[in-house]
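Here the structure comes first, spelled out in structure tokens, and everything after it is commentary.
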Amino acid sequence: MNKKTRYSDREFSSDLLAWYTVHGRQNLPWKQLDSPYHIWISEVMLQQTQVETVIPYYWKFIRKFPDMRSLANAEVDSVLSVWAGLGYYARARNLHRAARIIRDDRDCEFPRDFGQLLSLPGIGRSTAGAIMAFSYNLRYPILDGNVKRVLMRIHAIDGDPGARETQALLWKIADAKTPGDSPGDYNQAIMDLGAMICKRAAPSCLNCPVRNHCQAYQSQAVADYPRKIRRAKRPVRSCRMLLISRPDGDVLLQKRPPHGIWGGLWSLPQMDDPKAGIRRFCAESLELEVATWREMDMLRHHFTHYELLIHPVVCSIDHSGNPTMDEERFLWYNRNLGQDAGIPTAVERIFKNLESTENK
DNA sequence: GAACCGTGGTA
DNA sequence: TTACCAAGGTT
């Protein structure tokens with residue numbers, strides 16, 4: 001890299017930091033304590049998730065698991081129940097696994113080494129960099145959606161944002177621009193710029209502190225970066241979800257397999273074969289005799305890579321008492337008891353729909 | 001290395 | 001309504 005570029009990178013970071021001092025988001029909940037544990041939790045929650053969405057989950061999580069030991073000693077079910085609704089549940093499982101590793105290998109002392117962080121489940125290059133920069137104020141770059149967008153505009157990079165070469169180039173630029181002085185503040189500043197000024201749609205370039213550095217702005221082509229990629233249409237799948245209640249009103253939930261969608265959460269018994277008979281399914285896989293059933297309104301649920309059409313079915317079963325089920329795989333659930341059960345948002349929606357139809 | 005993994009906001 | 005995508009990482 002030549003002298004001019006190096007000078008320009010330094011000028012970029014100092015302009016950005018001056019803006020951050022005045023306009024940056026310096027009161028985020030996880031910045032209140034100078035604690036690697038809290039930074040770590042927030043960084044994982046913030047993966048692919050916006051700040052406003054994370055905040056209530058962060059408080060709930062920290063109240064329940066205030067430190068590494070409480071998290072490591074908890075049951076994974078308990079962690080998932082706090083995470084329920086936030087999505088990407090592997091993050092919660094990985095957080096819990098990592099906490100146990102840190103407890104067992106390091107007596108709960110949080111790692112201070114980049115390589116050690118990277119080796120933990122759920123921590124990749126960007127999250128490790130963020131923890132190093134925010135917790136220890138060390139010079140590590142980050143590359144999240146905000147930073148990517150900002151850098152692609154600043155340098156008018158016209159490549160597929162997801163392509164390996166583009167990623168490598170962006171990491172190189174991110175590293176070159178990260179100053180040795182206040183790397184923590186700088187990383188926060190460039191993310192804040194992306195979130196507040198250099199937004200995906202309708203960026204406010206006139207308020208941008210680094211527009212003089214911005215090649216896209218200078219060629220009046222900010223809207224062209226990053227380049228938009230056409231995606232394949234999402235496939236549609238459909239299923240039935242069974243609402244089976246006991247005489248005492250508890251609803252039957254079934255534990256999802258540890259991997260795959262909603263991994264480790266408690267969901268309704270699900271029939272993926274639309275032709276299968278309800279009575280037979282219940283007899284064979286649940287050992288319950290269904291007497292009658294009633295179809296509810298279908299609801300659509302959108303995932304990242306497919307769309308799910310859910311047909312809920314309210315079933316009444318032929319039992320005079322309360323049937324017992326294998327407690328590892330099944331749970332009789334009462335919404336009003338606050339059990340430690342992580343329940344997917346789609347299932348919560350079905351419960352709400354059911355409530356509102358019952359009240360009519 | 002491409003597919004997978006949630007949910008909510010926004011245009 | 002539809003499509004995009006946000007403080008990404010794992011397999």
Side-chain angles (χ1 to χ4, degrees), chain A residues 24-25 28-31 39-58 80 83-95 97-98 117-131 133-134 140-150 160-165 167-168 170-171 174 184 187-196 198-203 223 226-237 256-265 267 299-308 342-349:
Chain A
R25 298 179 291 190
L28 294 168
W30 38 91
K31 301 249 167 195
I39 296 291
W40 171 49
I41 301 299
S42 73
E43 285 305 325
V44 173
M45 285 189 166
L46 287 160
Q47 289 167 2
Q48 299 294 96
T49 313
Q50 298 190 356
V51 168
E52 292 308 311
T53 305
V54 163
I55 288 175
Y57 287 90
Y58 172 79
L80 283 169
W83 204 275
L86 193 55
Y88 285 135
Y89 299 99
R91 294 184 295 174
R93 300 194 302 272
N94 286 333
L95 216 46
R97 277 174 58 206
L117 285 176
L118 208 52
S119 74
L120 290 168
I123 299 183
R125 183 173 176 184
S126 193
T127 300
I131 294 172
F134 295 147
Y140 284 86
I142 59 173
L143 192 61
D144 69 336
N146 285 313
V147 178
K148 259 190 218 172
R149 185 173 58 255
V150 170
D160 177 348
R164 179 169 284 276
E165 310 166 77
Q167 290 277 346
L170 288 170
W171 271 113
N187 279 332
Q188 188 61 49
I190 193 165
M191 281 195 290
D192 285 4
L193 186 78
M196 300 164 66
C198 196
K199 295 176 288 188
R200 182 168 61 89
R227 198 214 300 171
K228 287 168 185 61
I229 305 296
R230 285 299 276 186
R231 301 220 172 148
K233 212 164 145 46
R234 275 190 303 236
V236 179
R237 302 180 193 174
R256 304 276 312 181
H259 299 289
I261 206 81
W262 297 334
L265 270 67
S267 185
L299 56 96
R300 295 169 180 275
H301 193 78
H302 297 263
F303 295 110
T304 310
H305 52 293
Y306 66 94
E307 178 180 353
L308 186 61
I343 294 174
T345 299
V347 175
E348 290 286 2
R349 290 218 175 97

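Here the structure is a predicted model, which means the values were calculated and not measured. Just so we're on the same page: letters track the sequence lines, and every chain starts at 1.
- Annotation: of the two residues near DNA chain C, R25(A) and I229(A), the 5′-most nearest-nucleotide partner is I229(A).
- Between the OH atom of Y88(A) and the P atom of dG9(C) there is a distance of 12 Å, given to the nearest Å.
- Residue Q188(A) is in base contact, counting any heavy-atom pair closer than 4.0 Å across all strands shown.
- At least one side-chain nitrogen or oxygen of Q48(A) sits closer than 4.0 Å to the OP1 or OP2 atom of dG8(C).
- Here L265(A) lies out of heavy-atom contact (under 4.0 Å) with every strand.
- Taking the six-membered ring wherever Trp is involved, the centroid distance between the rings of H301(A) and F303(A) falls below 6.0 Å.
- Remark: H305(A) is in phosphate contact with dC5(B), judged by side-chain N or O atoms under 4.0 Å from OP1 or OP2.
- Computed from coordinates, the E43(A) CD to dA6(C) P distance equals 16 Å when rounded to whole Å.
- Counting any heavy atom pair closer than 4.0 Å across all strands shown, V54(A) reaches no nucleic acid atom.
- Distances from the side chain of P344(A) to the nucleotides dA11(B), dT7(B), dG6(B) place dT7(B) closest.
- For the OP1/OP2 pair of dG8(B) and a distance below 4.0 Å, the side-chain nitrogens and oxygens of R349(A) include at least one atom meeting the criterion.
- As rounded to the nearest Å, dA2(B) and dA7(C) have P atoms that lie 24 Å from one another.
- The separation between L143(A) atom CG and dA6(C) atom C1' is 14 Å, rounded to whole Å.
- When the P atom of dG1(B) is taken as reference, atom CD of Q167(A) falls 12 Å away, rounded to whole Å.
- The same atom, P, is picked in dT1(C) and in dG6(B); the two are 24 Å apart, to the nearest Å.
- The minimum heavy-atom distance between V150(A) and G194(A), with the atom names listed, is CG2-CA, 3.8 Å.
- W262(A) has a side-chain polar atom (N or O) that falls below the 4.0 Å cut-off from OP1 or OP2 of dT7(B).
- When the salt bridge (charged side-chain N to carboxylate O under 4.0 Å, His left out) test is applied to R25(A), the partners found at least two apart in sequence or on another chain are D192(A).
- Residue contacts shown for I142(A) are absent, as no nucleic acid heavy atom lies under 4.0 Å away.
- Below the 3.5 angstrom threshold, one finds a donor paired with an acceptor across the side chain of T304(A) and the base of dG6(B).
- Residue contacts shown for R149(A) are limited to sugar-phosphate atoms, with no base heavy atom under 4.0 Å away.
- When each of dC5(C), dA7(C), dA11(B) is scored by its nearest atom to the side-chain atoms of N146(A), the top-ranked nucleotide is dA7(C).
- At dG6(B), none of the side-chain N or O atoms of T49(A) fall inside 4.0 Å of OP1 or OP2 (strictly under the cut-off).
- No side-chain donor from either of N94(A) and R91(A) sits under 3.5 Å from a side-chain acceptor of the other.
- For NE2 of H302(A), the number of neighbouring non-hydrogen atoms (other residues, nucleotides, ligands) closer than 6.0 Å is greater than 12.
- Take the nearest nucleotide of DNA chain C for P121(A) and for R200(A): the residue whose nucleotide is more 5' is R200(A).
- As rounded to whole Å, 8 Å separates atom C1' of dG8(B) from atom CD of Q50(A).
- Counting any heavy atom pair closer than 4.0 Å across all strands shown, W30(A) reaches a base atom.
- Between dG1(B) and R164(A), a contact under 4.0 Å exists linking OP1 or OP2 to a side-chain N or O.
- Put simply, CZ on R300(A) is 9 Å from C1' on dT1(C), counting in whole angstrom units.
- Here K233(A) reaches the OP1 or OP2 of dA3(C): one of its side-chain N or O atoms lies under 4.0 Å away.
- In this model, the phosphate group of dT7(B) is approached by a side-chain N or O of T345(A) to a distance below 4.0 Å at OP1 or OP2.
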(Q) Show, in sequence, the C-alpha distance, side-chain angles and deciding distance for L95(A) and M45(A), and conclude whether the side-chain contact (heavy atoms from CB on, under 4.5 Å) test is met. (A) CA-CA 10 Å; L95(A) 216 46; M45(A) 285 189 166; 5.7 Å; no
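- Heavy atoms only, all atoms of each residue included: Y140(A) and N187(A) are closest at O-ND2, 2.9 Å.
- Within the nucleic acid shown, G194(A) has no heavy atom closer than 4.0 Å to any nucleic acid atom.
- Look at CE on M45(A): it is 20 Å from P on dA6(C), rounded to the nearest Å.
- Here Y89(A) reaches the OP1 or OP2 of dT7(B): one of its side-chain N or O atoms lies under 4.0 Å away.
- As a whole-Å value, the separation of H301(A) NE2 from dG8(B) P is 7 Å.
- Annotation: of the two residues near DNA chain B, T53(A) and A202(A), the 5′-most nearest-nucleotide partner is T53(A).
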